[in-house]
Each structure stands twice: as C-alpha cells, then as structure tokens.
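Worksheet: the structure to be examined is printed underneath.
Fair warning: this is a prediction, and the values are worked out from it, not measured in the lab. Order of appearance sets the numbers: ligands from 1, and atoms from 1 within every ligand.
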Amino acid sequence: MTLPSRWPAILQAVMKGQTRALADSHYPQWHPAPVTGLMNDPNGFIWFAGRYHLFYQWNPLDCEHRFKCWGHWSSADLVHWRHEPLALMPDEEYDRNGCYSGSAVDNHGVLTLCYTGNVKFDDGSRTAWQCLAVEQPDGTFKKLGPVLALPEGYTGHVRDPKVWQHDGMWYMVLGAQDVQKRGKVLLFKSADLHAWTSCGEIAGHGVNGLTDAGYMWECPDLFALDGTHVLISCPQGLAREPHRYLNTYPATWMSGAFDYENVAFDHGELHELDAGFEFYAPQTTLAEDGRRILIGWMGVPDGEEMLQPTRTHGWMHQMTCPRELRYRDGRLWQTPARELAALREDEQRWQGRASEAPDLDATRLEFELSASQVSVDFGGTLRLTVDEQGIRLERASLKTGETLTRYWQGEVSHLRVLCDRSSTEIFINHGEGVMSSRYFPDHPARVRFEGASDITLRYWSLRACM
Ligand code: FRU
C-alpha cells in the first residue's frame, strides 16, 4: 500500500495540534470539534449497523478553507463520539481541490459515501464530480470514482449530494448555480447509485414562483416529516431583512408536498432555520426509532470566522448539538436530542427576581428559564434580552467592535439554553425557534440574570464527554 504524500503532514499536524487545542479554554467539552485544523459541514450523518456515523469537512493541516478531507466520528448514543479513521482525502484528479460535502447511505449493508470531488483550474474556473466511496472491513473507505459529471446549464458550483432511498429507487438533491448565476436545487434519480437521471430543478430561483433567491444554494436535504416534506438548504445571496438573514449566509427550510410520481415539490415560503450568529450547512438523518435528527455546523463561511481566537490555538469551529425535528402547525420545531439528558448532573431550581438569581458557571451548563422580561449576560461577551418583541442577541463584532444583533420575533414564554465553553444554543418556546452562537469569554465565565421581573429557573451542570 502506498501512503499518499500528505499522510506524514496530517499525522504531524494532529499529534502536535491536539494537545494545543485541548488545552484551549474555549475547546468544547461535549460538542464534537476538530482536534486540530478547521472543521466545517457535517457530512454523511447516518445510523448504520448499530451506530451513528458523523463525517465532517476537515482541513487537518491549518485553519484555512482548503485541502478538505472527510473526518469521521461514530457514536452509539449521539452523546459520546469516538474517532474513526480519516475517511476521504483529496488525492485523486477528480477531487484534487477538496472532497466536498455529501451524505452516506446503506447500500445493501455497505456504508457508502456520496460526495463532491471539487476541481479548480488555473483560470479560476472549476468543475465538480459527484463521487462514491465504500467502507472497507478496516473502517477506511475505498473510492469508486465519479458517477455524475457537471450537468448542462450549470456552472462548476454543483455539489453536496444528499442521497436517500424511496420504493427501491435512489434520489439525490444537489446544490447548484445555473449559468445565469442563480441558485437552484437539482433532483436526480438512480436505480443503482451509479447511473443517474436528471429530474430537473425542485427549488431555487424561478421554481414555484420564488424570485430573488440568491446566486448559489448549498447543502440541500429533503426528507419526509410528520405528513409533509421539508427541504433544508443554504441559499447564498439572499437579501438581508431587518430581522432575518443577517449572517453572511443563512440556513433555511421550506415545506410542501413532494410527489414521487411526477418528481415535483410544491413548496411554501423560505424560513430561517436558526436565528443565531453561527449556524450553517445542517444535515439530518433518521434515528433507529424513526426520529429525524439534525446536526449543523456552528459556524458560517466568510463571516468573522478567521478572527475567532481559537485559531491561534490551531483549531476552529464545532458542531451544534443533535436536535430532534418535528413539523407542527406549519412550523419546524427543533429540540435538543433527548439523549443529551444523560449529560445532566443534579437538577437545581430557583425562583424570584431575575437580578437576585444565582450566577451560573457557564463552562458546561443547561438551564431552562420561564420569563417574559429578562436579560442574560454570558461571560460579558454575549447578551440575550427578552421583551414583548421577542429576543435580541447581542455580541461585539470581532472585526470592528460594534454591537451586532440577531433577532427572534414572537412571544417568548420559555427558554432552554445549552452552553459549552464557547457556544450557546438557545431553544425558544420548546423548539419554535433556535439561536446558535459562539462566544469567547474569559474562563471561568459566569451566566448572570438581570432585570426586575420574576423568573423561574431549572439548571444543571453538564458532564464533559469529549
Ligand atoms: C458549505 C460548503 C459546501 C461545500 C463545503 C466545502 O459550507 O461550502 O457547499 O461542499 O462547504 O468545504
């Protein structure tokens, strides 16, 4: 067996980088994060042969968006993750500029990865191949090569295959940009994962009356949920609105009827999936018991990410916690996966005036808060305010120092907040909304409650498990 030429560099990066990353006070203690280098999208999320597998976009060599490999974790319970052998690295002509995002399927008992081989040319153009790789008995993956070239009418930005099976056929959605530089979601169909037929565009500019839909859609994921179908995707270039789509790129969802007969998706409006500062490229899978579970990248490309302080410790970004999805009353609900309750230590309770509530240790914390008016300060670097309008989340720009604000609008009755050293995930009204954000306080950091109103608190410190 010949070792690809970059193996020694990767091994050295991991050996040297790991101790540095783990010693960083911002390194997560219960969310998956890279041991070194830059991690972005979750990939290939699947329940397969008794374990969850979560792959991820990973540059192990440094904190830049290049040289994308697929890292690989697995877990029996969505809480404790173990490292698996590096799954894919960009060492073939057809994926030489990155093994880009994709999904995993169970093909007659063989764990099979569907990913994008990204190829850039000297003139600045690029192409993309949709490729397959299959698991070997030793846990490594053997590449089978490209199965789909760039379709006619699109630029080199066609990527992120999400593949699923229905009635014996395979289906694949792809994020795409057409030659007029408009964002689309494409659908393909195959009997064997190798020969694919186009079924056209199912979302994006000009589909179902959608206009101004941006210049590129990434990371689509289409699935059935509670009697409807949901398409999650990441449109780039949507106009900012006063209270939503405020990040460089948003993650969105739309729901509607998916008709396998005519391969058409009759969908409604776009909605923002998460209103926090950092959330992108989520992917879902089915749990063994049929729950639809989502994990997202708690990061956003091209934002202020390159100024995050963890970069000086040689690592960047983390995943969100796993979330259960439900569709009810025309809304998509997200709640932390019930397995996460295993992290809780003893429950504590407190009731009374917000300003008199105890400070909580922000390191690994979960709290539930019932209040209609309150402010919560997270270690002096992130601030949440609840009032009649909804929620304001404020943080200083890492670039300019000015206060940046994210909003969730609506009546707030209940918050459930999960903290892990440099992240918070705020679940509003039992899942009606979510705000996910990174923040970088000096540790030991405290969570403080402010205001004259009465609040009811339940809180737990969480166990470290990574
Ligand atoms: C989304 C994305 C994907 C691409 C991958 C490359 O964050 O841009 O579209 O496959 O990241 O790392």
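Under the ring pair (Phe, Tyr, Trp, His ring centres under 6.0 Å) criterion, Tyr439 pairs with Phe378, sequence neighbours left out. When the ring pair (Phe, Tyr, Trp, His ring centres under 6.0 Å) test is applied to Trp170, no partner is found at least two apart in sequence or on another chain.
We find that Lys399 and Glu304 are not joined by a salt bridge, their nearest charged nitrogen and carboxylate oxygen being 4.0 Å or further apart.
Of all the heavy atoms in Gly379 and Ala445, the pair that sits closest is CA-CB, 4.0 Å.
A donor-acceptor pair shorter than 3.5 Å cannot be found between the side chains of Ser437 and Glu278.
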Distances under 3.5 Å, N/O of ligand 1 against N/O of the protein: list each pair and its distance.
unit_1   : atom_1 : unit_2 : atom_2 : d
ligand 1 : 7 (O)  : Asp41  : OD1    : 2.8
ligand 1 : 7 (O)  : Asp41  : OD2    : 3.3
ligand 1 : 8 (O)  : Glu218 : OE1    : 3.4
ligand 1 : 8 (O)  : Glu218 : OE2    : 2.9
ligand 1 : 9 (O)  : Arg159 : NE     : 2.8
ligand 1 : 9 (O)  : Asp160 : OD1    : 3.4
ligand 1 : 9 (O)  : Asp160 : OD2    : 2.7
ligand 1 : 9 (O)  : Glu218 : OE2    : 3.0
ligand 1 : 10 (O) : Ser101 : N      : 3.1
ligand 1 : 10 (O) : Asp160 : OD1    : 2.5
ligand 1 : 11 (O) : Asn40  : ND2    : 3.3
ligand 1 : 11 (O) : Asp41  : OD2    : 3.1
ligand 1 : 12 (O) : Asn40  : ND2    : 3.0
ligand 1 : 12 (O) : Gln57  : OE1    : 2.7
ligand 1 : 12 (O) : Lys68  : NZ     : 3.0

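Counting only residues at least two apart or in different chains, side chain to side chain donor-acceptor pair (under 3.5 Å) contacts with residues 13-26 comprise Asp24-Trp315.
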